[in-house]
Amino acid sequence: MITSKTFGSRAFDTVIIVVLLAVSLATLFPILHTVAVSFSNPAIASSGTITVWPKGWSWNAYSRVMDDKQFFTSLWVSVERIVITLVLGTAVTYLAAFPFSRETRDFRMRNIYLWILLIVGSFNGGIIPNYMNAKNLGLFDNFWILVLPYLFNFGNILLVFNFWRNLPKELDDCANIDGAGPWVKLITLYFPLSLPVLATISLFTIVNTWNEYFQAIVFINNPHLLPLQTYLQQIVVTIDPTRPEEIGKGGSLSEVSNQTLDAAKIALTMLPVLFIYPFLQRFFIHGITLGSVKE
Amino acid sequence: MTKWLRNDQFHYHIMLLPVFVLFILFQIFPIYGVTLAFKHFIPTKGVLGSPWAGLEQYKFLMQNPEIWRVLRNTLIISVGKLITLLIVPIVLALMLNELRVKWFKRSVQTITYLPHFLSWVILAGIFRDILSTHGIINHLMETIFGMNPIMYLGSNIWFRPIIILSNMWKEMGFSTVIYLAALTSINSTLYEAAEIDGASRLQKIRHVSIPGIAMVIALLATLSLNGILYAGFDQIYNLYNVIVYDTGDVIETWVFRNGLVGAQYELGTAVGLVNSVIGLLLVALTYTLAYRFANYRIF
């Protein structure tokens, strides 16, 4: 594109750069602030003067997290939940995507099933029918309630089969001529080709499973089955700093020391997301537009 | 049996079996629980055995002033979110599109869509800290403007703006991606033609860029109407408290508190049912509109 280098044009660029810098800083500030608080001296943290750099450097909050047994129990539950959801969920998605990637004349029930999944799936009975249902299924206070409802994900199935439908038709024809049945095609033909789309849905699954906290609030009482985000929700959020009786106290010792401790737990819980963020970034734009061209 | 094995249709159904089982267990089964909305629930008799109560719950609801408050809050918050998340990402995308410095563009994007991947539990923890009476925001306001500390999350004036703005903060970068993708697909000869005609950069934005993405804007605006009855449970549930029920209590939080925690199962189901039915109609309506006018298809 041709861009004239007039004074007005330069000024325009400057304004844009300043605004975008401000937006970026505003985005990073709360996150950096929390990390800074977690490394600060509790007494200084409570004065509210910390910006994005720790004051009175201290590992105290992190060494206190190390003593928190529940934190590690919950971390383990989250890890187990992610691994199982990832393996089973990807398998369910991958298998279901194959029939849906067929032409209607090949798989006759295709459109009927898709519409049923879409329409019935859009109807959410609401929180209470789901609660009753899980109770009836005996999944109350059971690890599997954290996994089973998340294995079927219509969006992921869509993503995979639309990806396949964009592959050259000739591939499938060749496989037919060689006498490959559905299972052979599924495993030997489509699997190597699907690695990008499988990476995309895996990353989505990891982040979503890691971030999910509400299921355990409703269905889990046993502290040994509490995922990390639910545990964090209970310690950071349920303790309400805006309750009238606590206003103005501002400086009681327990509250002061909890501020840095909570910040440390928040920072540690953010860490895995930050860690896979570069990968997410690589795949998710791809993921959004993946399979968006339909014939 | 061998005849079946040679039929692809049979294998396709086997492949779909796990999905069907899960779908029946977690989508179809809960639907019978919806009948609770029209029943007197007696725990020992279960959902099926409990006697019918007709429209009693709905009559009770209409007389309950809380429901109107909750409905109003839901609409105000979700419309506020809808508008901010339509305008701000478009402006951001237009700005990013003007820049020629690749690394800067990419850095801004990387930074702004990071919060999308953080949960509201984490973010609520962060916002509760920085917005508290002895948090950094109050500290800055005090040193710069000499303002008295404000309890932002305990104030009926501030709560809705904070919900709408913090949601904008979290999602604006992510929403920008789609507009930016649309902008980069505009044919560059259009800009060159405008350049030859002597258009300034602002005029190019006004007459080339914006018309170029008008279709995408209309499409996303239409699809976002789906969520009008969902003000964002995770966010509000983790940020609100008793003091701000007047302005911050929304349908989902109300149903959770009264229906599930308060064990008024029939009432909670009744409200949830209305919400789900309207939600379903909205999905059907918006997707039909999107299909008619933008040829948008899901599969």
Side-chain angles (χ1 to χ4, degrees), chain A residues 1-2 9 12 16 19-20 23-24 27-28 30 33-34 46 48-49 51 92 95-96 98-99 107 114 120-133 149 151-152 158 182-183 207 211 213 229 232-233 236-237 240-242 247 250 262 266 269-270 273 277 280-281 285 288-289 294, chain B residues 8 11-12 15-16 18-19 22-23 26-27 29-31 33-34 47 95 98-99 108 110-112 115 117-119 121-122 124-126 128 130 132-136 138-139 151 153-154 177 181 188 191-192 195 201 238 241 243 255-256 259-260 265 268-269 272-273 276 280 283 297-299:
Chain A
M1 193 162 82
I2 313 153
S9 179
F12 191 66
I16 287 176
V19 172
L20 289 177
V23 169
S24 308
T27 308
L28 280 181
H33 171 75
T34 304
S46 71
T49 55
T51 49
V92 168
L95 278 179
F98 186 78
F107 180 37
L114 277 176
V120 182
S122 301
F123 182 82
N124 182 338
I127 185 170
I128 291 159
N130 280 321
Y131 172 79
M132 297 282 177
N133 180 48
L151 297 183
F152 162 65
L158 268 173
W183 295 96
V207 173
N211 283 341
Y213 73 100
Q229 296 270 350
L232 194 71
Q233 202 269 347
V236 178
V237 172
D240 193 352
T242 53
I247 297 158
D262 290 352
I266 290 171
T269 311
M270 273 193 295
V273 179
Y277 184 57
L280 264 174
Q281 219 202 335
I285 297 186
I288 291 177
T289 47
K294 300 180 192 78
Chain B
D8 282 354
H11 292 286
Y12 295 154
M15 288 172 180
L16 283 173
V19 161
L22 290 163
F23 193 74
F26 296 103
Q27 277 291 336
F29 275 12
I31 290 177
V34 167
V47 176
M95 284 177 152
E98 288 299 308
L99 292 181
V108 170
T110 303
I111 292 169
T112 51
F117 297 103
L118 299 173
S119 72
V121 170
I122 288 175
I126 293 175
R128 275 166 175 259
I130 63 175
S132 75
T133 41
H134 44 268
I136 181 72
N138 269 313
H139 180 77
M151 226 173 55
L153 292 173
V177 175
S188 63
Y191 288 103
E192 282 155 19
E195 178 83 21
R201 286 175 69 183
N238 287 317
N241 56 70
I243 307 170
V255 169
F256 176 69
L260 201 63
Y265 297 126
T269 313
L273 178 62
S276 303
L280 188 63
V283 170
R297 282 184 298 154
I298 325 173
F299 48 79

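Residue numbers begin at 1 in each chain, while the letters A, B, ... track the order of the sequences. Small disclaimer: the values here were computed from a predicted structure and weren't measured.
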Evaluate the side-chain proximity of A:L95 to B:L16: yes if any heavy-atom separation is below 4.5 Å, no if none is. no
Using the rule given for side-chain contact (heavy atoms from CB on, under 4.5 Å), can you reason through A:Q229 versus B:I122, listing the C-alpha separation, both sets of side-chain angles and the distance that settles it, and then say yes or no? CA-CA 8 Å; A:Q229 296 270 350; B:I122 288 175; 3.8 Å; yes
Given a strict heavy-atom distance threshold of 4.5 Å, which part of B:I126 is in contact with chain A: side chain, backbone, both, or neither? both
Between OH on residue A:Y131 and CG on residue B:L260, distance to nearest 0.5 Å: 5.5 Å
Looking only at atom types and distance, does a side-chain atom of A:N130 sit under 3.5 Å from a main-chain N or O of B:P30, one as donor and one as acceptor? no
Rounded distance [0.5 Å steps], CD in B:Q27 versus CG in A:N124: 7.0 Å
Heaviest contributor of heavy-atom pairs below 4.5 Å to chain A, chosen from B:S276, B:G259, B:G33, is B:S276
If I take atom CH2 from residue A:W183 and atom NE2 from residue B:H11, how far apart are they, to the nearest 0.5 angstrom? 8.0 Å
Applying a strict 4.5 Å limit to non-hydrogen atoms, the region of A:T49 in contact with chain B is both
A:F123, part contacting chain B, at a heavy-atom distance under 4.5 Å: both
Per-residue contact mode, A:V120 against chain B (heavy atom under 4.5 angstrom): both
Pick from B:I130, B:T269, B:N238: which one has the most heavy-atom pairs with chain A under 4.5 Å? B:N238
Between A:M132 and chain B, which part of the residue has a heavy atom less than 4.5 Å away: side chain, backbone, both or neither? side chain
With respect to chain B, which residue among A:A96, A:P99, A:S24 yields the maximal number of heavy-atom pairs within a distance under 4.5 Å? A:P99
Which of B:G268, B:G272, B:S119 touches chain A most, by non-hydrogen pairs under 4.5 Å: B:S119
How many angstroms lie between atom CD1 of B:I136 and atom OG1 of A:T34, to the nearest 0.5 angstrom? 11.0 Å
So do the side chains of A:I127 and B:F256 get within less than 4.5 Å of each other, counting heavy atoms only? yes
I want to check something: taking the side chain as every heavy atom from C-beta on, are B:F26 and A:L151 in contact at a cut-off of under 4.5 Å? no
Pick one of side chain, backbone, both or neither for A:V207, based on which atoms fall under 4.5 Å of a heavy atom in chain B. side chain
With side chains defined as the heavy atoms from C-beta onward, is the minimum distance between A:L20 and B:L99 less than 4.5 Å? yes
Quick one: pull up CD1 in A:I128 and CG in B:L273 and give me the separation to the nearest 0.5 Å. 11.5 Å
Any side-chain heavy-atom pair of B:V108 and A:V23 under 4.5 Å: no
Please flag which part of A:N133 lies under 4.5 Å from any non-hydrogen atom of chain B: side chain, backbone, both or neither. side chain
Structural part of A:F98 lying under 4.5 Å from a heavy atom of chain B: side chain
Show your working on side-chain contact (heavy atoms from CB on, under 4.5 Å) between B:F117 and A:L280 and close with a plain yes or no. CA-CA 9 Å; B:F117 297 103; A:L280 264 174; 3.7 Å; yes
Donor-acceptor under 3.5 Å (B:R201 side chain, A:S9 main chain): yes
Pairwise side-chain contact, A:P182 with B:Y12, heavy-atom cut-off 4.5 Å (strictly under): yes
Heavy-atom proximity to chain B below 4.5 Å, by part of A:F152: both
